[in-house]
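So the structure is just underneath, and the comments pick up after that.
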Amino acid sequence: MHIEESVKLDFKDVLIRPKRSTLMSRSGVDIRREFVFHHSGRHYHGIPVIAANMDTTGTIEMALALGAQGLSVALHKHYPEDELIAFFQSLQHGKLKASTAFYSMGIGKADYEKFAAVMARAGDAIEYVCIDVANGYSEVFVHFVKKIRASFPQLTIMAGNVVTGDMTEELILAGADIVKVGIGPGSVCTTRKMTGIGYPQLSAVIECADAAHGLGGQICADGGCSVPGDLAKAFGGGADFIMLGGMLAGHDECAGDIVERDGKKFKRFYGMSSRTAMEKYAGGVAQYRASEGKEVLVEYRGPVTDTLQDILGGVRSACTYVGAHKLKELTKRTTFIRVTQQLNEVFGKS
């Protein structure tokens with residue numbers, strides 16, 4: 001047993017200190033990023049926000065809406081082969097020139113066989129893949145990343161999830177271009193409650209970004225953002241990409257029917273390790289495991305466009321407060337100050 005005494009921080013524990021700025025307006029901020037990925041060599045240019053590969057948010061409809069504005073989506077892994085191939089080929093033929101879409105997969109035998117079959121038919125239409133497991137610390141996961149890199153060297157690979165620098169480095173050395181960071185911070189994730197495992201998300205981002213950038217890789221902060229200011233803090237902490245689930249839930253582009261309760265409209269949102277998801281895709285919770293997610297009703301919010309404006313407007317505003325003309329400058333101009341309170345909640349938490 002070992003106790004690490006140093007303080008680890010979450011988004012709620014800090015604010016960003018403002019600095020002198022020459023920016024006249026939020027409209028003068030460029031929130032697009034450009035990367036050349038370490039292993040694939042592919043060029044990326046877009047707004048580095050990704051809809052999570054949950055079956056509620058990682059939809060083709062979400063990809064259409066986000067792609068039109070230069071954002072990305074990681075499609076959930078339960079789409080049938082024909083639908084996936086048709087979608088990715090539509091990207092190749094210019095239907096969504098701005099979109100970066102990730103094919104998502106687990107590491108089981110069936111996952112690999114499906115992916116190999118899709119790749120054989122889709123050819124070079126698929127450029128990005130997200131290899132996604134809850135526990136990125138297993139040796140079999142690292143071997144799987146190596147296998148995909150060796151078999152498909154042209155792909156940009158995002159892999160996770162981990163929360164420490166050592167495993168970030170190992171995954172990049174194994175072939176990952178982007179390492180997905182976060183264990184337990186998601187709004188419908190109960191991993192920390194059920195297992196006691198986790199890491200405060202801001203510190204995880206800072207430590208993993210430092211490790212990844214030293215090897216020429218990138219990271220994606222996955223989970224923990226509940227307001228636009230959290231994205232600014234994640235980018236300020238060194239995140240190259242941010243993955244959002246709960247902040248994009250409840251919209252028209254999300255899967256699921258609208259549910260009415262007491263005259264109000266809602267949509268269901270649940271974690272992919274929840275009982276709901278496992279009953280839907282795996283016939284229930286296996287006898288050897290426990291559910292590590294929950295289901296909630298999110299108030300129906302209409303089209304995702306207005307929410308995107310709030311999210312991206314908040315990030316632009318943060319850049320103006322610290323004088324960052326481009327999003328890539330934000331981390332260089334970020335000084336975090338530790339706080340005990342974020343908001344004045346005399347009139348509620350809204």
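Scope of the values below: all heavy atoms of this structure, side chains included, with no hydrogens, waters or symmetry mates.
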With a sphere of 6.0 Å drawn around OH of Y137, does it hold more than 12 non-hydrogen atoms of other residues, nucleotides or ligands? yes
Any chance CD of E345 has more than 12 other-residue heavy atoms, nucleotides or ligands included, within less than 6.0 Å? yes
Rounded at 0.5 Å granularity, tell me how far CG in L327 sits from CD1 in I31. 7.0 Å
CD1/I258 to NZ/K267 distance, rounded to the nearest 0.5 angstrom? 6.0 Å
Scanning both residues in full, the closest heavy-atom pair of Q201 with G223 reads NE2-O, 3.2 Å
Working for side chain to side chain contact (heavy atoms under 4.5 Å, CB included), residues V142 and L171: CA-CA 6 Å; V142 176; L171 287 172; 4.2 Å; yes
Near-ring test F88/Y79, centroid separation under 6.0 angstrom: no
Single hit among R149, R42, H39 for side chain to side chain donor-acceptor pair (under 3.5 Å) with D177: R149
Check the pair E81 / K114 against side chain to side chain contact (heavy atoms under 4.5 Å, CB included), numbers first and verdict last. CA-CA 7 Å; E81 288 182 25; K114 178 182 177 182; 4.0 Å; yes
Kindly assign one of parallel, tilted or perpendicular to the pair F152 and Y112, based on the angle between their ring planes and the thresholds 30° and 60°. tilted
N/O donor-acceptor pair under 3.5 Å between T57 side chain and A52 backbone: yes
Report the distance from atom CG of D30 to atom CD1 of I47, rounding to the nearest 0.5 Å. 8.5 Å
Answer yes or no: is there a side-chain heavy-atom contact under 4.5 Å between I311 and M247? yes
For Q309, I'd like to know if atom CD has over 12 heavy atoms of other residues, nucleotides or ligands within 6.0 Å. no
Side chains of T320 and R26: do they bring a donor and an acceptor to under 3.5 Å? no
Verify the distance criterion only: is there a donor paired with an acceptor across the side chains of E207 and Y199 at less than 3.5 Å? yes
Determine the minimum heavy-atom distance between C189 and T191, stating which atoms define it. SG-OG1, 3.3 Å
Pair T335-K19, side chain to side chain contact (heavy atoms under 4.5 Å, CB included): steps then yes or no: CA-CA 9 Å; T335 300; K19 293 182 178 178; 3.4 Å; yes
Can you confirm whether the side chains of H325 and T22 place a donor and an acceptor under 3.5 Å from each other? yes
With a 4.0 Å cut-off, would you call D82 and R121 a salt bridge? yes
ILVMFWY cluster, F336 and I242 together (side-chain gap under 4.5 Å): yes
Applying the 4.5 Å side-chain criterion to the ILVMFWY set and letting contacts propagate, would I107 and L75 be lumped into a single cluster? yes
Within a strict 4.5 Å, meaning less than it, do heavy atoms of the L308 and L71 side chains meet? yes
Could you check if a side-chain atom of M167 sits within less than 4.5 angstrom of a side-chain atom of E170, using non-hydrogen atoms only? yes
Heavy-atom distance under 4.5 Å between the side chains of I50 and C220, does that happen here? yes
Minimum heavy-atom separation for V315 and P228, please, with both atom names. CG2-O, 4.4 Å
Measuring only between side-chain heavy atoms, which start at C-beta, is I16 closer than 4.5 Å to K233? yes
Y103: ring-ring contact (aromatic ring centres under 6.0 Å, His included) partners, not counting sequence neighbours: F115
Assign the ring pair F241 / F35 to parallel, tilted or perpendicular, where the plane angle (0 to 90°) is split at 30° and 60°. tilted
Is a salt bridge present between R268 and D55, judged by a nitrogen-to-oxygen distance below 4.0 Å? no
Should we say atom NZ of K328 is surrounded by more than 12 heavy atoms from elsewhere, each under 6.0 Å from it? no
To the nearest 0.5 Å, atom NZ of K12 lies from atom OG1 of T340 at 10.5 Å
Minimum heavy-atom distance between V29 and C319, given as atom pair plus value: CG1-CB, 3.7 Å
Looking at E260 and K265, what are the two nearest heavy atoms and their distance? OE2-CE, 3.9 Å
Stepwise side chain to side chain contact (heavy atoms under 4.5 Å, CB included) check, I85 with V118: CA-CA 7 Å; I85 292 164; V118 170; 3.9 Å; yes
So do the side chains of D132 and K180 get within less than 4.5 Å of each other, counting heavy atoms only? yes
If I take atom CD1 from residue I126 and atom CG from residue L84, how far apart are they, to the nearest 0.5 angstrom? 7.0 Å
If you look at every heavy atom in G182 and N161, which pair is closest and at what distance? O-ND2, 2.8 Å
Side-chain heavy atoms under 4.5 angstrom apart, residues restricted to Ile, Leu, Val, Met, Phe, Trp, Tyr: same cluster for V163 and I197? yes
Answer yes or no: is there a side-chain heavy-atom contact under 4.5 Å between D240 and H213? yes
Do M54 and F269 make a side-chain contact, defined as non-hydrogen atoms from C-beta onward lying under 4.5 Å apart? yes
Please determine, by modelled atom types, if S40 and Y128 share a side-chain donor-acceptor pair under 3.5 angstrom. no
For the side chain of R316 and the backbone of S27, is there at least one donor-acceptor N/O pair under 3.5 Å apart? no
